[in-house]
Every structure is written in structure tokens, then in C-alpha cells.
Amino acid sequence: MSDAGEEITDDIEGGEFTETEYENLGDRLQSSCAGICIGILLFLGAFPLLYWNEDRAVERYEALEEAEGQVSTVFDPWNIDASNEGKLVHFSVNITNGDNNNGGPTDPIFGISSPDALQIHRQAEMYQWVEYKSTRTTKTAGGGKKKTTTYSYKKQWRDYLVDSYNFQKSGYVNPSSMEFTTETFTADSIKIGAFDLPQELIYRINWDVELDVELENITSEELRGRAVSYDGGYYFESGYEDNNVYNSNEYEYDVNDTSTSTSSNSYSGGVGNAQIGDQRVFFRETPPSIITIVGVQSGGTLGAFVSETGEGGDVLLFKQGNLTSVAMFDAAEQENKIATWLIRFAGFAIMTLGLYLVFRPIEVFADVIPCVGSIIGCGLIFMAVLISSVLSLVTISIAWLAARPEIGAIVLCVSLVVVGSCALGVKKFGKGKKNEDDDFEGVGGKVPAGISPNPPPAASVPIVMAVNEPPTVYALPEGQVVASAPQQQPYAYAGSAPPQQQPMVTVSAQPYVPKY
């Protein structure tokens, strides 16, 4: 059941409105039960993911170790040594634009170029409506749920086209396209010494800097006449009227309907007063720099190293800076460790989510009683995290046992110790303390014969207190236990009338053992 709320505000910035949805207990139980299937798939899928990740990490480590044992350093990368053909080489050299005689990389629309640059980057942004959504969920009586969603709209700069067709509320319309888009233009030839940079490494060039441009740098007269110099780049007024109301039924703009107009009919944009559809364009360049590369020499370029087993992935290392081969392989091993831990965490999170989805119907059903469902939900999350931690640790240990038995055995033993310690801690925590034995309990926790486990009310049992001297207790082995008091001592009585004769208590055939 859904109930859409009314718009709260509608100011010049765009405003916001809310929608409210209600879900009863039956619907929640149905959806949570359907989530069990998804939870089972996630739970089972986490195991092969964790196992594969450990296998991948070991194979990558072995491939890097094999490559590091074969690499040789080239001290003159400006000359290609034929004796290194097919060998794994390492060198540091300046990366340069091999096509600078032709003007370097050039933006074909604006004509902006930089002769020595490796790349030219055009960054284009457009002023658009952006939809924000925030959701708040509360539980209602009887196990239901209330979800309140607030939609708000703001005008902001974005370097991609925001499709206003999918907005929850009509009346906030963006242009259907961007005149200028973000693009990168790379030099036709990039050299690393006497070698050509491998094409698969071009995306690794990432040390770009700002490139300030002037209006006279634009080769197109039409664009130069429209552009305004703006913060080292260009500003373009679109003249787009954002007072159009979106007709969701016909996917058209209704320019005659101004009931929810968000601006005036006349365009009054500009640098100081941005309007929907305005664009600004900036440029960046990637200058030459010193780089370090490790790869297999193949003609006039470098290729990737592949291990003898073909496992562990390709080894083609590339970094900015002057680095030794040891530093390059250390960095590659560190990247492998980071990737391994990220996938481990992902596998653990998937397993935890799967278990929680399996347990979730219990939490939903408990929501019938206020606060109980939330408490049980926290407990279920804790259980899911605990179980996932144990199973993830065991899975990782088994994977290492298969890949590296000597290491896997240690990891598995540590895992079992951790699991055993957790189980022992849970057992001790759940075990309640035993009640202290009563002073009149017999050996083995049995009540002696002749003594009632439920004594009569205090009003019918006299309480005898010796005033001058405590009574003497005689314990006979395997016989009777007799309690007596001196004949001539006075007594004070509480309760019923004083006894007519000396008090004597016969306990049992077993001796009384005081707990001192």
C-alpha cells in the first residue's frame, strides 16, 4: 500500500516532496521469505569466491617471484639490444611524445593542442537539475513498516548528462544532450626511450595537470564568438529555457504549461547567473615524465611476462618515477595483497548478508511486539557475523592447505584454535551458575530422610535460641546426629509455646558434614 505525500516546498532551488509507503506484516513476511532464496545463493556463492581468491593470490605471488628471478636491468634504453629479445627487462627512462613534429595531441572541436604533451583532456560540464533521494523507515504497530521517501531537486554542474525522464516528479527538465562532452586525445606515438609504449599501458598515464587556454586558442570562429573566458577555460550560454514542464505520458516538453515553472520565460543566464543547459569546458594535459617499466622485450616494444604454468596473470609493470626492479616487484606484491584482502572482505560480507537474509523472517515475525524485533535483529546480525567469520576463516585455511600445505596446515591449526576458543567462550557464557547447596543438604545433593524439603510455616515451628551457651552437635559415623543443649540453661523462645522437654533432632543415617 502506498500513499504519496504532498510537495513540501517549491522554491527557486527546486524544492522537495515526500512519498509515504506502508507495508503490513504479511507483505513483510512474504518478501523476507522470498529473500531466503537469495540469501542461500549468496551464502553458497561466498565459499567458491573465497577459495578462488586465495588460489589467485598464491598464483599471482608465484608468478611475480618467477618474474623477479629472471629480470635484468637495461642501462641504455635508447638503443634496442637484440640480445635481450624475448627476455624480461627493466629500465627507467623519459616517456615522450613521439609525434611532436605534427603538433602533438589536438582537440578536433576546439583546436586546442600541446606539442610536447602525451595527452589532452577535455573536461565538459553542464548545469542541470539533479534529483536527491533520502529514505527513512520506521516500524509500526502489529509488525508493519512505514517508509517515507523525500525527493529534492537542485541545480548543479555535472560532467555527464542527467536524464530527467526518470525523475520522480515532473517539471524539472534537462536538455536531451550535451553539446560538448568529456574526452581524451592521445598522441599517435608515445615513446619510452627507443621503444614504443605498449597500448595496454596508455590508460596508466595519469599525471595530468591543468592547461590554461585563451579565447584566441579556439580555431573555430563560431565557437570563439560564443565562448566566454572563464577560470582558465570556456563558458557557453545555452539559451535553453528551463521553464518547460515535462509531460511523462507523451515524453514531450509542454512549453505552454507554466504551472510549475522553475524560472522566468526570458533567458538571463551568464557566468554569474548560470541557467539550465549552460556549459563550461576546461582542459588538462599530460606532460612528459620519467617512468619505470618491467616487460618482455619484443621487437620495438615490450610485452607481458607469463609464468611457465600460465597462471598468475600477466606481469607487465609500469609506474611513474625512477624505481629499481626490487621496488617495482615489491609494489606489485603489495597490490596483490590489497586485492586479496578486498576480495576476502567482499566474500565475508556476501556470506554475512546471505545468512542475515535467511534469518530475517525471524526478525520480521518478532516485530509484532514493539522493540523485540529490533533486539532480535541485532542478535541475528551478530550470529551472522560470527558464523561467517568462522566459516570464512576455515575456507581460507582449506584453500591455503591445498595450495601451500606447509602454510595451510599452520593457518588451519590457528583457525581451529580460534574456533575452539570461541565455542568454549560461548559455552561458559551460556552456562549459569549453580545454586549454593543448603546447609542441611546431604551428600550428593539429596535431602536427608526425616527432613521435609518444604518446612512448615514459621508460626508453627518453635525457634530455639540458647542464651548462655550454644548447643553441642554430636556426629556419629554412619549413625544418628543428635543436637542437645545443657539441662539447666534458660532459653528464649520465639513463635509458639516453649517445648516441654529437651529438644532433640534425629537427622539421618549419614553424618552431617558442615561447610566451613
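The structure displayed is predicted, hence computed values, not measured ones.
- When side chains are defined from C-beta on, Thr149 counts as touching Lys133, because their heavy atoms get closer than 4.5 Å.
- No side-chain heavy atom of Glu19 sits less than 4.5 Å from a side-chain heavy atom of Thr148.
- A heavy-atom distance below 4.5 Å is not found between the side chains of Met126 and Phe180.
- Using a 4.5 Å heavy-atom cutoff, the side chains of Tyr230 and Phe236 are not in contact.
- Taking 4.5 Å as the limit, every side-chain heavy atom of Trp129 sits out of range of all side-chain heavy atoms of Val162.
- Atom NZ of residue Lys87 and atom CD of residue Gln297 lie 9.5 Å apart, to the nearest 0.5 angstrom.
- Judged purely by atom type and a 3.5 angstrom limit, His90 uses its side chain to pair as donor or acceptor with the backbone of Leu323.
- A donor-acceptor pair shorter than 3.5 Å can be found between the side chains of Glu54 and Trp400.
- Between the side chain of Ser307 and the backbone N or O of Glu311, at least one donor-acceptor pair lies under 3.5 Å.
- Defined by atom type and a distance below 3.5 Å, a donor-acceptor pair is present between the side-chain atoms of Tyr235 and Asp278.
- In this structure, OG1 in Thr20 is found 10.5 Å from NZ in Lys147, a value given to the nearest 0.5 Å.
- Environment of CD in Glu210: sparse, with no more than 12 heavy atoms of neighbouring residues, nucleotides or ligands closer than 6.0 Å.
- The backbone N or O of Asp107 lies less than 3.5 Å from no partner atom in the side chain of Arg122, so there is not a single donor-acceptor pair.
- More than 12 heavy atoms of other residues, nucleotides or ligands lie within 6.0 Å of CD in Glu65, so this atom counts as buried by the packing criterion.
- Interatomic distance, CE of Met178 versus OG of Ser238, reported as 11.5 Å (0.5 Å rounding).
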Subject >> side-chain contact (heavy atoms from CB on, under 4.5 Å) assessment of Ile112 paired with Tyr234 >> reply: CA-CA 12 Å; Ile112 304 298; Tyr234 304 125; 3.7 Å; yes
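- Checking side-chain atoms of Gln123 against main-chain N and O of Val281 turns up no donor-acceptor pair under 3.5 Å.
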Original post:
When you look at Ile362 and Arg360, which way does the side-chain contact (heavy atoms from CB on, under 4.5 Å) test go after all the steps?
Top reply: CA-CA 5 Å; Ile362 302 175; Arg360 192 167 179 269; over 6 Å; no
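- A side chain to side chain donor-acceptor pair (under 3.5 Å) check over residues 368-385, counting only residues at least two apart or in different chains, returns the pairs Lys139-Ser374.
- Considering all non-hydrogen atoms of both residues, Ala46 and Gly347 come closest at CB-O, 3.5 Å.
- Environment of CZ in Phe365: sparse, with no more than 12 heavy atoms of neighbouring residues, nucleotides or ligands closer than 6.0 Å.
- In this structure a side-chain-to-backbone donor-acceptor pair under 3.5 Å is present from Ser388 to Thr352.
- Judged by distance alone, the side chains of Thr340 and Arg60 never bring a donor and an acceptor atom under 3.5 Å apart.
- Taking CG of Asp330 as the start and OG1 of Thr324 as the end, the distance is 7.5 Å to the nearest 0.5 Å.
- Using modelled atom types, one side-chain atom of Ser31 and one backbone atom of Arg28 make a donor-acceptor pair closer than 3.5 Å.
- Here the side chains of Lys145 and Asp367 are not in contact, with every heavy-atom distance at 4.5 Å or above.
- No donor-acceptor pair under 3.5 Å is formed between the side chain of Tyr132 and the backbone N or O of Thr150.
- In this structure a side-chain-to-backbone donor-acceptor pair under 3.5 Å is missing from Asp208 to Glu285.
- A side-chain N or O of Gln320 and one of Ser289 form a donor-acceptor pair less than 3.5 Å apart.
- Going from atom CD of Gln30 over to atom CG of Asn24 covers 9.5 Å, rounded to the nearest 0.5 Å.
- In this structure, Pro287 and Trp207 have side chains that are in contact, with non-hydrogen atoms separated by less than 4.5 Å.
- The two residues Ile120 and Pro105 come nearest to each other via the heavy atoms CG1-O, 3.5 Å.
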**OP:** May I have the step-by-step check of side-chain contact (heavy atoms from CB on, under 4.5 Å) for Gln279 and Glu179, ending in yes or no?
**Re:** CA-CA 8 Å; Gln279 285 202 251; Glu179 181 180 3; 3.5 Å; yes
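- Geometrically, Lys155 does not engage Tyr127 in a cation-pi contact defined by less than 6.0 Å to the ring centre and at most 45° from the axis.
- For Trp157, the CH2 atom is densely surrounded, since the number of other residues' heavy atoms within 6.0 Å is greater than 12.
- Of the possible donor and acceptor atoms, none in the side chain of Thr186 sits under 3.5 Å from a partner among the backbone N and O of Gln119.
- Under the side-chain contact (heavy atoms from CB on, under 4.5 Å) rule, Ile95 has a single partner from Ile205, Ile293, Ile290, Thr286, which is Ile205.
- Rounding to the nearest 0.5 Å gives a distance of 6.0 Å between CG of Leu201 and CZ of Phe318.
- Residue-environment remark: CZ (Arg136) stays at or below the threshold of 12 foreign heavy atoms within 6.0 Å.
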Subject >> Tyr165 and Asn174: CA distance, side-chain angles, deciding distance, side-chain contact (heavy atoms from CB on, under 4.5 Å) verdict >> reply: CA-CA 9 Å; Tyr165 174 75; Asn174 291 326; over 6 Å; no
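- Between the side chains of Tyr172 and Gln128, no donor N or O sits under 3.5 Å from an acceptor N or O.
- Across Glu333 and Glu68, no two heavy atoms sit closer than the pair OE2-OE1, 4.0 Å.
- Smallest separation of non-hydrogen atoms from Ala332 and Leu317: CB-CD2, 4.0 Å.
- Annotation: Phe110 is in aromatic contact with Phe283 [ring centroid separation under 6.0 Å].
- Between Asn336 and Arg56, some side-chain heavy-atom pair lies under the 4.5 Å cut-off.
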